[in-house]
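Heads up, the thing below is written out as structure tokens.
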Amino acid sequence: MSTLSRKRIYNTLTMKYHFNEIEAKWQKYWADKGTFNASNNSDKPKYYVLDMFPYPSGAGLHVGHPLGYIASDVYARYKRLKGFNVLHPQGYDSFGLPAEQYAIQTGQHPAVTTKVNIEGGVDNQGNEIAGYRNQLDKIGFSFDWSREVRTSNPEYYKWTQWIFTELFNSWYNYDTNKAEGIETLVSAFAKEGNGNINAACDDNIEPFTAAQWNDFSENEKQVILLQYRLTYLAETEVNWCPALGTVLANDEIVNGVSERGGHTVVRKKMTQWSMRISAYAERLLQGLDSLDWSESIKETQRNWIGKSVGATVSFNLKDHDKKIEVFTTRPDTIFGVSFMTLAPELDLVQEITTPEQKEKVDAYIASTAKRSERERMADVKTITGAFTGAYAEHPFTKEPIPIWIGDYVLAGYGTGAVMAVPCGDQRDYDFAKHFGIAIPNVFEGVDISEEAFADKAATVIANSDFLNGLKYKKAVKLAIYELEKVGAGSGKTNYRLRDAVFSRQRYWGEPFPVYYKDGMPHMIDVEHLPLELPEIEKYLPTEDGEPPLGRADVWAWDSKTNKVVSNDLVRSSAVENSEDNGIYPLELNTMPGWAGSSWYFFRYMEKAQRDAVFASKEAMDYWGNVDLYIGGSEHGTGHLLYSRFWVKFLKDRGHVSVDEPFQKMINQGMILGTSAFVYREENSNTFLSLGLSKDKQVQPIHAPVAFVNASDELDVEAFKKWRPEFKDAEFILEDGVYKVGREVEKMSKSKYNVVNPDEICEQYGADTLRMYEMFLGPLEQAKPWNTAGITGVHNFLKKFWKLYHNGAEATFNVTDTPASKDSLKTLHKTIKKVQEDIENFSFNTSVSTFMIAANELSAQKCTSQEVLEPLAILIAPYAPHIAEELWSKLGHTESISEAGFPVFEEKHLVESAKNYPISFNGKMKFTLELPLDMSKDEIEKTVMAHEKTQMYLDGRTPKKVIVVPGKIVNIVG
RNA sequence: GCUCGAGUGGUGGAAUUGGUAGACACGUUGGACUUAAAAUCCAAUGUCCAUUAGGACGUACGGGUUCAAGUCCCGUCUCGAGUACCA
């Protein structure tokens with residue numbers, strides 16, 4: 001008999017909790033009535049609960065994915081019961097690499113696969129896809145689907161493109177500390193040149209006067225402005241991934257290889273769009289303090305921003321007019337400088353190297369260039385370097401300082417050069433020791449014969465002229481003052497945060513709303529957006545190495561009609577003198593994955609006029625920012641930082657009213673799979689049961705978890721049928737069964753440990769799935785999935801159902817008899833605990849609380865509506881289907897989500913007596929029930945007179961008796 | 001290396017301010033019901049000693065503070081996450 005038909009019979013015969021029917025019924029009810037559609041006008045206070053929206057992959061959901069959605073759904077439903085107007089939307093981050101790679105393999109348009117992945121269907125390989133939406137719907141979420149977003153829809157990415165043009169038309173003014181329209185910069189230039197402009201901009205911009213500016217050609221002006229815009233084109237060294245054929249952002253690289261696929265990444269110079277996020281470094285850092293996020297995520301962002309306070313020092317070169325600028329956090333150790341080290345890639349190295357040293361230096365540069373980023377990172381112990389033969393001059397002593405190169409200095413951080421103070425920095429120390437360079441000691445009373453001394457707090461400066469005897473802080477201050485006096489440096493704050501490369505050489509992303517006229521980028525106005533992705537034959541780079549959009553034939557912009565037209569119409573260089581027809585080539589790159597996800601939370605606020613606005617002012621003023629954001633912590637340096645940047649920018653330009661997107665965030669832990677292993681004896685087709693495999697040479701093989709029961713026994717027949725190569729396999733059993741080994745691993749198809757939520761819903765119901773996922777453990781913790789344990793929660797729901805029904809006939813049996821004192825106590829204890837738990841996101845303990853309540857109430861044989869009605873409301877956030885069903889059976893016609901959360905009344909919990917633990921020397925021996933209003937002395941007297949006390953004392957006299965009324969009695973002695 | 005977190009039964013995990021360690025489940029064992037299985041119900045279940053009564057030991061390890069420590073302090077170990085020649 002199949003599981004399904006067995007279950008059906010069992011349902012009808014012995015129990016009336018038909019979860020499949022109940023759940024289907026209420027899911028349809030909610031959808032038909034639009035129960036959870038939020039209104040943008042309400043007298044109720046607003047509350048915005050958001051999940052990080054998913055990328056709809058073809059693999060579908062496994063039980064790990066809904067964890068965060070269930071938690072946010074519990075919270076959203078709770079807030080509704082508490083009288084809030086709740087916005088709880090959902091959508092799809094539907095641009096991305098997997099759909100594109102699938103398109104490359106199968107030729108299927110990514111838009112088609114994306115749609116199938118969301119809505120279900122059959123792909124062109126004949127695979128049946130359940131569809132994200134269908135899978136989500138089965139779990140009974142209270143999403144407002146009327147506000148759905150898909151980042152790959154043109155009506156959505158129109159506004160992603162618009163934000164890009166806004167960034168292009170803005171610059172960052174450090175004086176006002178916000179982004180301003182580019183026109184304010186233009187007028188400042190026209191009035192006073194760029195001398196007094198304090199802007200976030202490229203390095204090394206030549207100064208010019210107002211007169212010079214006004215004389216510049218339009219093109220010259222644009223070139224200069226591009227160096228100030230918040231998104232700009234620049235030839236930058238990027239992380240190029242040849243295997244993926246695209247550049248990657250720093251946060252898309254893990255351990256020197258691509259996050260996706262683990263491919264090699266090399267450095268390459270390319271002209272790319274960049275986002276001037278570094279302008280916001282300080283605000284992104286400061287803003288963290290106001291956020292209710294986990295300390296670890298905030299710390300991750302602080303590290304990523306990497307603020308360090310110190311000074312720049314410039315060293316004159318001997319026999320050369322150039323200077324070397326360095327950044328240091330220890331200007332107090334300036335007299336300890338005994339050499340300088342430059343990154344080998346710096347252009348300056350070639351200029352200063354003396355002829356005698358040239359051979360050695362070139363050889364060293366060649367050898368470091370060969371080493372990949374990864375090798376350099378893996379090998380930090382080997383000290384390498386070369387002397388350039390050149391010398392710098394100490395700013396105070398004027399002593400010559402030898403200049404070395406070494407790959408421990410990174411070209412990408414600071415100026416790519418360091419002043420080496422071997423006595424105060426271990427890397428400088430090791431370098432000096434290795435190459436026999438002097439190690440002058442500038443610390444008082446410190447032995448540096450073994451290692452460098454880096455303890456700032458214990459620093460007292462010595463051998464340093466005017467700094468002698470000073471502690472760290474004072475010495476830093478004075479050193480900077482003196483450096484400024486001699487014009488050799490100044491205080492400076494450095495950030496590790498780099499500008500973000502924004503171009504990707506891919507098809508399946510937002511096209512840039514950009515065309516090029518005389519090599520200069522021009523933005524397409526918002527009224528002509530969206531600029532839709534063109535159709536192409538193949539989703540690969542062109543033969544000339546251009547991005548996939550280079551394959552499009554109709555990909556030029558007619559600036560007169562504001563339409564996309566055929567490439568053939570672009571004035572070709574061959575006919576240089578032909579008249580400018582206003583038709584120009586469009587940008588071939590597309591935007592990265594994080595573009596669409598950096599503002600989607602605003603889009604949900606607006607559902608009416610999505611073509612006219614990215615979100616209306618009224619909607620944004622009403623909803624403000626996200627009150628609760630739930631998602632994985634893996635986005636710590638990507639999405640969560642970029643979104644904050646865009647929000648701050650949009651705020652600066654007056655488009656939104658909030659400064660931070662996500663006020664409170666909870667990061668759910670991963671649900672891990674419990675893999676099953678069978679053990680094949682080496683060079684055979686014989687499988688040994690776990691207990692027999694111990695001392696044998698066996699190869700563990702993943703077995704699908706579906707073939708294993710709760711007692712770790714393998715369904716041998718199913719396993720044999722699974723793969724042809726196992727058809728004739730022999731199985732050596734122990735005690736008549738084949739036992740598998742178990743191991744906790746990440747849930748993944750390749751490990752055959754994936755558990756599908758659809759199957760759990762089918763077999764146990766969505767309410768069981770929801771409660772079980774919450775019951776597994778603390779939300780933020782990683783925890784293994786174990787399907788066997790689900791029966792506990794399922795049995796509880798059956799028991800819960802029975803509370804409202806008469807056992808034998810299973811008829812609805814809730815009465816208006818007044819509730820007993822005990823039942824009211826159980827109810828109010830539960831109200832209190834559940835409310836506290838939800839507010840603390842301690843969902844696992846409230847599931848226990850429900851179990852305790854059900855156990856108590858069924859023991860009390862409680863049938864009172866007075867208790868059972870509020871109880872149904874209490875459980876509604878967790879198990880909404882069963883709650884709705886019971887609610888309607890109780891005679892209500894509205895959804896239970898319209899009900900109010902039961903009010904806790906302390907009076908039901910007031911006790912008159914306490915069961916005191918009586919302990920001896922801190923060890924509890926027995927308990928004694930005593931009235932709570934008993935005085936301390938009386939308690940002591942009663943306890944001491946008790947026969948058990950006398951028995952435990954065995955004639956001894958206690959030294960001391962501690963009585964804490966209402967808590968404990970402890971007898972010492 | 002640095003930063004942050006965490007170590008509690010066979011398993012997942014409770015113990016909100018120091019006050020009865022192991023709630024609630026899973027699993028296991030035994031029992032009831034059944035031709036049987038499933039389901040349901042009942043009982044036991046930290047470890048060790050003891051026939052019972054009861055006792056001893058128990059929250060990674062070693063110390064400490066306290067009448068009382070899973071909880072606070074010091075040190076050590078292990079695991080996880082983040083990050084890294086960042087000057």
Side-chain angles (χ1 to χ4, degrees), chain A residues 1 3 6-7 9-11 13-15 294-304 306-308 310 326-330 341 376-377 379-381 383 406-410 412-421 424-428 430-431 494-496 633-634 636-637 669 674 710-712 742 772 775-778 780-793 795-796 798-799 802 807 833 836-837 840 842 844-852 855 915-927 958-964 966-973:
Chain A
M1 198 186 279
T3 335
R6 197 162 61 213
K7 188 185 65 209
I9 289 169
Y10 141 70
N11 274 345
L13 290 184
T14 60
M15 197 199 70
S294 77
E295 214 30 64
S296 74
I297 287 261
K298 288 204 219 178
E299 198 57 29
T300 303
Q301 291 213 347
R302 287 190 192 109
N303 285 336
W304 194 258
K307 179 179 183 172
S308 43
V326 302
F327 174 75
T328 176
T329 54
R330 298 298 303 271
T341 315
R376 263 170 80 159
M377 280 205 276
D379 178 26
V380 297
K381 288 280 171 293
I383 293 155
D407 69 359
Y408 80 94
V409 176
L410 305 178
Y413 182 75
T415 59
V418 302
M419 59 175 229
V421 182
D425 182 284
Q426 194 58 43
R427 290 156 305 169
D428 297 344
D430 294 340
F431 196 89
N494 223 23
Y495 298 91
R496 195 181 81 100
S633 55
E634 67 274 16
T637 52
T674 312
S711 313
D712 291 348
R742 290 286 203 171
Y772 186 54
F775 186 60
L776 275 177
E780 303 195 57
Q781 187 177 302
K783 52 224 166 244
W785 176 268
N786 174 13
T787 303
I790 205 167
T791 53
V793 169
N795 286 343
F796 155 73
K798 287 192 277 192
K799 195 166 188 175
K802 273 198 209 158
K833 179 83 171 116
E836 284 169 0
D837 282 347
N840 293 322
S842 176
N844 54 330
T845 50
S846 38
V847 178
S848 311
T849 305
F850 286 123
M851 289 173 172
I852 295 167
N855 290 344
N915 205 17
Y916 278 93
I918 312 299
S919 42
F920 292 77
N921 297 318
K923 284 193 171 40
M924 205 280 289
K925 291 296 177 186
F926 66 96
T927 59
K959 280 193 210 132
K960 208 196 240 179
V961 178
I962 310 274
V963 177
V964 184
K967 284 232 163 123
I968 199 170
V969 177
N970 190 15
I971 297 163
V972 186

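Just so we're on the same page: letters track the sequence lines, and every chain starts at 1.
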Walk along nucleotides 10-26 of chain B from 5' to 3' and tag each nucleotide B, S or - by protein heavy-atom contact under 4.0 Å, base first, then sugar-phosphate. --BSS-B--BB--BBSS
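- Residues A:Met851 and A:Val793 meet the side-chain proximity criterion, which asks for heavy atoms closer than 4.5 Å.
- Checking the phosphate oxygens (OP1, OP2) of B:rU3, no side-chain nitrogen or oxygen of A:Arg302 falls inside 4.0 Å.
- Taking atom CD1 on A:Ile297 and atom C1' on B:rG80, their separation rounds to 15 Å, with Å as the unit.
- Rounded to whole Å, the distance from CD on A:Glu780 to P on B:rC4 is 18 Å.
- The glycosidic torsion of B:rG58 lies more than 90° away from 0, placing the base in the anti range.
- Nucleotide B:rA38: unpaired (no Watson-Crick or G-U wobble partner with both distances less than 3.5 Å).
- Looking at A:Asn921 and A:Val972, their side chains come closer than 4.5 Å, going by heavy atoms from C-beta outward.
- A straight line from CG of A:Asp407 to P of B:rC85 spans 11 Å, rounded to a whole angstrom.
- Side-chain nitrogen and oxygen atoms of A:Ser308 include at least one within less than 4.0 Å of the OP1 or OP2 phosphate oxygen of B:rA87.
- Per the geometry, CD belonging to A:Glu299 stands 10 Å off P belonging to B:rG5, to the nearest Å.
- Taking CG of A:Asn855 as the reference point, atom NZ of A:Lys799 lies at 3.5 Å (rounded to 0.5 Å).
- Rounded to whole Å, the separation between the P atoms of B:rA21 and B:rA37 comes to 42 Å.
- Checked by atom type, the side-chain pair A:Thr674/A:Asn786 shows no donor-acceptor distance below 3.5 Å.
- A straight line from CG of A:Asp428 to C1' of B:rC86 spans 12 Å, rounded to a whole angstrom.
- Of the possible donor and acceptor atoms, none in the side chain of A:Thr927 sits under 3.5 Å from a partner among the backbone N and O of A:Ile918.
- With a 3.5 Å ceiling on both atom-pair distances, B:rU20 lacks any Watson-Crick or G-U wobble partner.
- Using a 4.5 Å cut-off on side-chain heavy atoms (C-beta onward), A:Tyr408 and A:Asp428 make contact.
- Rounded to a whole angstrom, the distance from the C1' atom of B:rG70 to that of B:rA84 is 34 Å.
- Straight-line distance between the P atoms of B:rG18 and B:rC2: roughly 31 Å, to the nearest whole Å.
- Nucleotides B:rA69 and B:rG62 are separated by 16 Å at their C1' atoms, to the nearest Å.
- Within the shown strands, nothing qualifies as a pairing partner of B:rU52 under the Watson-Crick or G-U definition with both distances less than 3.5 Å.
- At whole-Å resolution of the value, NZ in A:Lys959 and P in B:rU66 are 13 Å apart.
- Within the 4.5 Å cutoff, the side chain of A:Phe926 has heavy atoms near those of the A:Phe920 side chain.
- With a cut-off of 3.5 Å on both pairing distances, the Watson-Crick or G-U wobble partner of B:rA43 is B:rU29.
- Taking atom P on both B:rU20 and B:rG30, the two are 35 Å apart, rounded to the nearest angstrom.
- A:Tyr495 contributes no side-chain N or O that, together with a main-chain N or O of A:Ser308, makes up a donor-acceptor pair within less than 3.5 Å.
- Base pairing of B:rG1: its partner is B:rU83, meeting the Watson-Crick or G-U wobble criterion (both donor-acceptor distances under 3.5 Å).
- Here the separation of B:rU83 from B:rG12, taken at their C1' atoms, is 31 Å to the nearest Å.
- Distance noted for atom C1' between B:rU8 and B:rC61: 15 Å (whole Å).
- Using a 4.0 Å cut-off between charged nitrogen and carboxylate oxygen, A:Lys833 and A:Glu836 do not count as a salt-bridge pair.
- Mapped onto RNA chain B by nearest heavy atom, A:Val418 and A:Asn303 fall at different nucleotides, with A:Asn303 at the one closer to the 5' end.
- Place A:Phe327 and A:Ser296 on RNA chain B by their nearest nucleotides, and A:Ser296 ends up nearer the 5' end.
- When Watson-Crick and G-U wobble pairs are counted only if both distances are under 3.5 Å, B:rU78 pairs with B:rA6.
- For A:Lys802, whose side chain is taken as the heavy atoms from C-beta onward, the closest listed nucleotide among B:rC86, B:rC67, B:rU40 is B:rU40.
- Atom name C1', nucleotides B:rU78 and B:rC85: the rounded distance is 28 Å, in whole Å.
- In this structure, the CZ atom of A:Arg427 is 12 Å from the C1' atom of B:rG1, given to the nearest Å.
- When the C1' atom of B:rA53 is taken as reference, atom CZ of A:Phe926 falls 17 Å away, rounded to whole Å.
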